[in-house]
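Heads up: the structure comes next, in C-alpha cells.
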Amino acid sequence: MDSLEQRKKRARSVLTTLMKRTPDARTALRHRDAFELLIATILSAQCTDKKVNEVTEGLFERYPGPAELASADPEELQAILRPTGFFRQKSKSVQATSIALLERFGGQVPDTMEALTSLPGVARKTANVVLGQWFGKPEGVVVDTHVRRLSQRLGFTEHDEPEKIEADLMSLFPKSKWIPLGSVLILHGREICAARKPACGECPVADRCLRMGVS
DNA sequence: CTCCCGATAT
DNA sequence: ATATCAGGAG
C-alpha cells in the first residue's frame with residue numbers, strides 16, 4: 001500500500017510538472033479590488049469566468065461599490081446578472097453580501113475564513129478564492145468542479161465531496177502550495193483536462209493519470 | 001437531497 | 001439533446 005509520504009511525493013511531482021507549464025496561473029476573474037473579486041466569485045457558480053467578466057464590466061460601472069450595490073433596484077440588478085444563470089439567487093447573494101459588508105465590516109472585505117463564510121452566498125470555495133488570490137492568506141484549497149475532477153483523475157483523492165477533497169489536498173500539499181495548486185488545476189482543467197473531451201495527448205502528466213488508457 | 005438557471009460545446 | 005461551466009442555500 002502507498003504510504004502517505006509516497007502519495008505526497010507523487011502528488012507534489014505532478015504539481016511541479018503542471019506548474020512548469022503554467023507558472024503564472026491565477027484567477028481569470030477580472031477584478032480591481034477585493035470587493036470586485038468577491039462579487040465576481042459569487043457570480044462564477046456554474047458559469048464560465050469569461051461570461052462573468054462580460055457581466056461584471058457593466059455591473060461595476062453601474063454599481064462601483066457595496067454602497068451602490070446595496071441600494072440597487074433588484075429587478076435592474078437581476079437583468080444585469082441574468083446571463084450568468086441562477087440570476088435571482090445571485091442577485092440576492094450579491095446584494096445581501098454588500099449590505100453585510102457595510103453593516104458588519106465597515107464596507108471592507110474581511111480576510112478570514114470565518115468572516116467571509118458568514119456572508120450570504122459565500123462558502124468555503126468562494127472564501128478560498130478571495131483569501132488566496134487577493135489576500136495571499138490561504139486557509140484552505142479552492143475546490144471547484146475542475147479541482148474535484150482533476151484531483152480524482154490524478155489520484156489526489158477518492159472522495160466526491162468538496163470538503164473531503166479539500167482535506168485530502170491540504171494533507172498532500174504544504175500550505176505554501178495551496179494557492180498555486182488551485183489555480184494550476186483549474187487552468188489545466190480548462191485548457192487540457194476538460195470534463196468531456198480531455199486532450200490527453202497534450203497533457204504533461206498523462207503518465208501519472210488514473211484515467212490513462214480510458215477513452 | 002433538491003433547487004436555483006443561462007450560455008456554450010459536444 | 002445533453003453535459004458542463006471557478007457553488008451555495010434550504
Side-chain angles (χ1 to χ4, degrees), chain A residues 18 22 24-31 34-59 74-75 77-100 109 113-135 138-154 156-157 159-166 169 178-200 211 214-215:
Chain A
L18 290 178
T22 57
D24 54 346
R26 62 186 193 91
T27 180
L29 295 170
R30 194 190 64 82
H31 62 283
F35 177 71
E36 291 193 355
L37 178 58
L38 174 62
I39 300 302
T41 308
I42 291 173
L43 297 180
S44 70
Q46 296 295 296
C47 180
T48 61
D49 51 358
K50 185 183 175 201
K51 182 58 64 180
V52 172
N53 288 338
E54 289 172 15
V55 165
T56 52
E57 188 168 357
L59 176 70
E75 289 189 15
L77 182 55
Q78 285 181 17
I80 294 175
L81 301 186
R82 178 162 294 124
T84 69
F86 298 154
F87 61 91
R88 293 181 188 86
Q89 277 297 112
K90 287 176 181 176
S91 293
K92 274 186 194 173
S93 296
V94 157
Q95 198 151 34
T97 280
S98 295
I99 292 170
V109 176
M113 176 65 72
E114 187 177 1
L116 281 166
T117 54
S118 78
L119 298 168
V122 179
R124 283 196 70 90
K125 180 261 165 179
T126 298
N128 277 327
V129 170
V130 173
L131 287 170
Q133 299 291 317
W134 182 262
F135 293 109
E139 293 189 33
V141 179
V142 174
V143 179
D144 73 327
T145 181
H146 294 296
V147 174
R148 182 183 69 227
R149 182 178 69 254
L150 297 219
S151 294
Q152 291 169 343
R153 289 180 179 175
L154 292 170
F156 295 163
T157 187
H159 292 111
D160 203 36
E161 306 92 328
E163 202 173 70
K164 291 184 179 178
I165 295 172
E166 186 181 356
L169 294 176
W178 290 356
I179 296 174
L181 175 62
S183 305
V184 164
L185 288 184
I186 288 161
L187 188 58
H188 186 61
R190 277 194 352 218
E191 297 185 341
I192 294 179
C193 193
R196 289 217 212 176
K197 204 179 98 181
C200 302
R211 208 188 135 84
V214 183
S215 69

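Labels below follow one simple rule: chain letters A, B, ... track the order of the sequence lines, proteins then strands, and each chain is numbered from 1. Values below: every heavy atom of this structure, side chains too, minus hydrogens, waters and symmetry copies.
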ask   = How about A/Asn128 and A/Glu166: do any of their side-chain heavy atoms sit closer than 4.5 Å?
value = yes

Separation of B/dG6 P from A/Ile80 CD1 (nearest whole Å) = 17 Å

key: B/dT10 versus C/dA6 - spacing of their P atoms, nearest Å   = 13 Å

message = Is A/Arg82 close enough to B/dC5 that one of its side-chain N or O atoms is under 4.0 Å from OP1 or OP2 there?
response = no

request  = Using a 4.5 Å cut-off on heavy atoms from C-beta on, say whether the side chain of A/Arg190 contacts that of A/Asp49.
outcome  = yes

ask   = Rounded to the nearest Å, what distance is computed from the NZ atom of residue A/Lys92 to the P atom of nucleotide B/dC3?
value = 16 Å

inquiry  = I want to confirm an ordering. Mapping A/Lys197 and A/Arg88 to their closest nucleotides on DNA chain B, which one lands closer to the 5' end?
reply    = A/Arg88

query = Do A/Val122 and A/Ile42 have side-chain heavy atoms sitting under 4.5 Å apart?
reply = yes

inquiry  = Suppose we call a contact any N or O donor and acceptor under 3.5 Å apart; does that hold for the side chain of A/Arg196 and the base of C/dT4?
reply    = no

request  = Verify the contact: side-chain N or O of A/Lys90 to OP1 or OP2 of B/dC5, cut-off strictly under 4.0 Å; return yes or no.
outcome  = no

ask   = How does each nucleotide of nucleotides 5-10 of chain C score, in 5' to 3' order, for protein heavy atoms under 4.0 Å: base (B), sugar-phosphate only (S), or none (-)?
value = BBBSS-

Separation of the P atoms in B/dC5 and C/dT2, to the nearest angstrom = 22 Å

inquiry  = Let me spell it out: for each of A/Lys51 and A/Gly85, pick the nucleotide of DNA chain B with the closest heavy atom. Which residue's pick is nearer the 5' end?
reply    = A/Gly85

key: Note, A/Leu131 side chain near A/Pro138 side chain (heavy atom, < 4.5 Å)   = no

inquiry  = When you compare the side chain of A/Leu169 with that of A/Thr157, does any pair of heavy atoms fall below 4.5 Å?
reply    = no

request  = Taking the side chain as every heavy atom from C-beta outward, state whether A/Thr56 and A/Arg30 have any atom pair closer than 4.5 Å.
outcome  = yes

ask   = A/Glu54 has an atom CD; how far is it from atom C1' of B/dA7, in whole Å?
value = 10 Å

